Amino acid sequence: MKFGILVNEGPFTHQASDSAYQFVKAALDKGHEVLRVFFYHDGVNNGNKLSEPQADDRNLIKLWGELAKEHKIDLVVCIAAALRRGIKDDILADGFRISGLGQLVEVGIAADRLVTFGD
Amino acid sequence: MMHTVNKSPFERNVLDSCLRLAKKGSVILLYEDAVYAAAAGTTATDTVKAASNEYSFYVLGPDLAARGITEDQVVDGVNVVDYGGFVDLVVEHGPVQSWL
Amino acid sequence: MEDEFEGTFDTEGVIKKFMFVNRKAPYGTIYALESLETVLISAAFEQDTSVAFVDDGVYQLKKGQDTTGINMKNFSPTYRALEGYDVEKLYVEKESLEARGLTEDDLVVDVEVLSAEELSELMDEQDVVLSA
C-alpha cells in the first residue's frame, strides 16, 4: 500500500515527528511504500540542519534524511511555513527539499492513505 | 475509517470529540499522551469502557511502556498493538482521521 | 500556483473527497490560518473539498473579529472568499456551536449546520481527512 505522511510539529517540543518516524519505519518493514513525508506548520523545523541535539539524544533530522535516502522517500518542507520560520535552502538538511503545499494535496491524491502526526 | 487520538483525556477534550463524531464501529487508536486514557482506575476509565462496546479500541504499546503503564493495567476491551500493528490497522480500516 | 506545479505522481483525473476538520480557535495558535491555506490549495487541485468546523474551530467563523489591537491579520474574511474557489461545502457541528452560545447568525459565512451524527456519517465517506 502507498502511504503519505504529514508531520505538523518540530522534532523536539512534541512527539509527533518521532511517532511519524516510527510509523514510517514500521510501514517500510512491512513492505509498504512511503511516497512522501510532508512537513507543515512547525514541522518544517525537522529540516533544519543547524540543529544540534545533545550527543546522547536521538537526532531526528539526521534520521529522517538517512531513512529517506535508503528508501527513496520524498521529504518535502512547506515553503510558506518554512520561510516564516527562517528555514531556507542553505540551511536545509540532507534529504529534504522545499516546495509548495500542492505537494501535500498531491500525495493525498496519489497515496492510498494519508496519516497526520501533530499536536 | 480509523481515528487516532494522541492527547491525555485529563488535559484536552480530544477523546470526547472523537467519541462524539467517530461513526460507531470505527477503530480508535490511542497513542502518545492518549495512552493515559487506556490505564485502568482513572476517571476516564468508565468513558473508555463504555465506548469500547461501540468502537474497536487499540492502544500503542511502546507509548504505554514509555509512560510506565504495563499491559495488565490496560482497561479491559482495549487491545495493545506495536507500530507494526498501527500500520496494519491503517491498511485494514481505511482513511485515518487524526484528532489533534 | 496551479501553472507552476510540477507533479511527481500520476493523479490525472483522480478526484478524491477531502475533508478539512477545523477544531482550533484562530490567533491563539497558527493552525487555523495555515489550514485555510491548505483548503485553498486543495480546491486548486479540483478535489471534492469540504470543510467542517468543530469544537473551537467554530470560533474561526465568528463575526466581528477585530485584530488591530493584537497586530495580527484578521483572516476571517477569507472564509467568505472560499466560494470563489469552488469550496462551497462548509459544515458546522450543531453541538459545538450551541456549546459556545452561538447560532448561525453569528457566523461570517453561510454554512450547513449538522448534528454530530450527521457529520460523523459525512466524515466516514471521506477519502482524506485533514484535521487541525
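Keep in mind that what you see is a predicted model, and the values were worked out from it rather than measured. Keep in mind that the numbers below use all heavy atoms, side chains included, and drop hydrogens, waters and symmetry copies. Proteins get letters first, then strands, A, B, ... in listed order; numbering begins at 1 in each.
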Using heavy-atom distances under 4.5 Å, tell me whether [X] contacts chain A through its side chain, its backbone, both, or neither.
X	value
T8(C)	both
F18(C)	side chain
V14(C)	both

ask   = Hey, does the side chain of N46(A) reach the backbone of E9(A) with a donor-acceptor pair shorter than 3.5 angstrom?
value = yes
query = For the side chain of H14(A) and the backbone of D119(A), is there at least one donor-acceptor N/O pair under 3.5 Å apart?
reply = no
Criterion side-chain contact (heavy atoms from CB on, under 4.5 Å) on L102(C) and V58(C), from CA distance to verdict = CA-CA 9 Å; L102(C) 300 172; V58(C) 303; 4.2 Å; yes
ask   = Would you call K16(C) and D127(C) a salt bridge, using N to O less than 4.0 angstrom?
value = no
query = Are E37(C) and R84(A) within salt-bridge range, i.e. N to O under 4.0 Å?
reply = yes
Portion of L104(A) that has a non-hydrogen atom of chain C nearer than 4.5 angstrom = side chain
Chain C contact via L35(A) - which portion, at a heavy-atom distance below 4.5 Å = both
